[in-house]
**Student:** 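For reference, the structure I am asking about is given below.
FYI, side chains are in, hydrogens and waters are out, and symmetry mates aren't considered; it's all heavy atoms of this structure. If you're wondering where the values come from, they're calculated on a predicted model, not measured in any experiment.
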Amino acid sequence: MADDDLLTVPEVMARLKLGRSAVYDLIRSKRLHSITIGRARRIPYGAYRAFVASRSEVIG
């Protein structure tokens with residue numbers, strides 16, 4: 001998947017194993033970047049990857 005591909009909120013919910021409210025809270029708090037197209041909310045794949053990377057822990 002390319003960084004500029006767009007994910008829907010349900011796709012992000014499934015990938016993060018979070019509920020709808022939790023994903024919208026991340027968007028509202030600007031921890032997960034999103035764009036609006038008409039009335040549809042989309043999350044760029046690159047923004048999703050950056051969010052996951054920022055939450056990754058280094059075990060060592």
Side-chain angles (χ1 to χ4, degrees):
M1 193 168 253
D3 279 354
D4 59 351
D5 286 344
L6 300 174
L7 300 171
T8 64
V9 169
E11 289 172 332
V12 173
M13 289 168 50
R15 288 169 182 261
L16 295 177
K17 296 185 178 29
L18 293 173
R20 182 179 184 89
S21 297
V23 173
Y24 277 106
D25 284 344
L26 292 172
I27 292 169
R28 204 171 5 266
S29 66
K30 303 202 187 296
R31 291 181 281 171
L32 180 61
H33 175 72
S34 69
I35 61 172
T36 304
I37 303 171
R39 293 184 55 185
R41 179 72 60 174
R42 297 291 183 261
I43 296 90
Y45 183 69
Y48 161 77
R49 284 187 40 209
F51 173 79
V52 171
S54 73
R55 299 301 184 262
S56 296
E57 295 181 19
V58 177
I59 300 174

**Student:** Side-chain polar contacts of residues 14-29 - donor-acceptor pairs under 3.5 angstrom, sequence neighbours left out - could you list them?
**Tutor:**
| residue | atom | partner | partner atom | Å |
| --- | --- | --- | --- | --- |
| Asp25 | OD1 | Arg28 | NH2 | 2.7 |
| Ser29 | OG | Asp25 | O | 2.9 |
| Ser29 | OG | Leu26 | O | 3.2 |
| Ser29 | OG | Arg31 | NE | 2.8 |
| Ser29 | OG | Arg31 | NH2 | 3.4 |

**Student:** What pairs with Arg42 under side chain to side chain donor-acceptor pair (under 3.5 Å), at least two apart in sequence or on another chain?
**Tutor:** none

**Student:** With sequence neighbours excluded, tell me which residues meet side chain to side chain donor-acceptor pair (under 3.5 Å) with Ser54.
**Tutor:**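 Ser54 satisfies side chain to side chain donor-acceptor pair (under 3.5 Å) with no other residue.
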
**Student:** Using 0.5 Å steps for rounding, measure from the CG atom of Leu7 to the CE atom of Met13.
**Tutor:**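 Interatomic distance, Leu7 CG to Met13 CE, rounded to 0.5 Å: 13.0 Å.
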
**Student:** Determine, using the 4.5 Å side-chain heavy-atom cutoff (strictly less than), whether Val12 and Leu6 are members of one ILVMFWY cluster.
**Tutor:**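 No, separate clusters.
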
**Student:** Quick check for you: to the nearest 0.5 Å, what is the distance between Ile35 atom CD1 and Ile43 atom CD1?
**Tutor:** 9.0 Å

**Student:** For the hydrophobic clusters of this structure (ILVMFWY residues joined by side-chain heavy atoms under 4.5 Å, transitively), does one cluster hold both Met1 and Leu32?
**Tutor:** yes

**Student:** Indicate the atoms forming the closest heavy-atom contact of Ser34 with Pro44, along with that distance.
**Tutor:**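 Nearest heavy atoms, Ser34 then Pro44: CA-CD, 4.2 Å.
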
**Student:** According to a hydrophobic-cluster definition based on side-chain heavy atoms being under 4.5 Å apart (Ile, Leu, Val, Met, Phe, Trp, Tyr only), do Val52 and Val9 belong together?
**Tutor:**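 Yes.
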
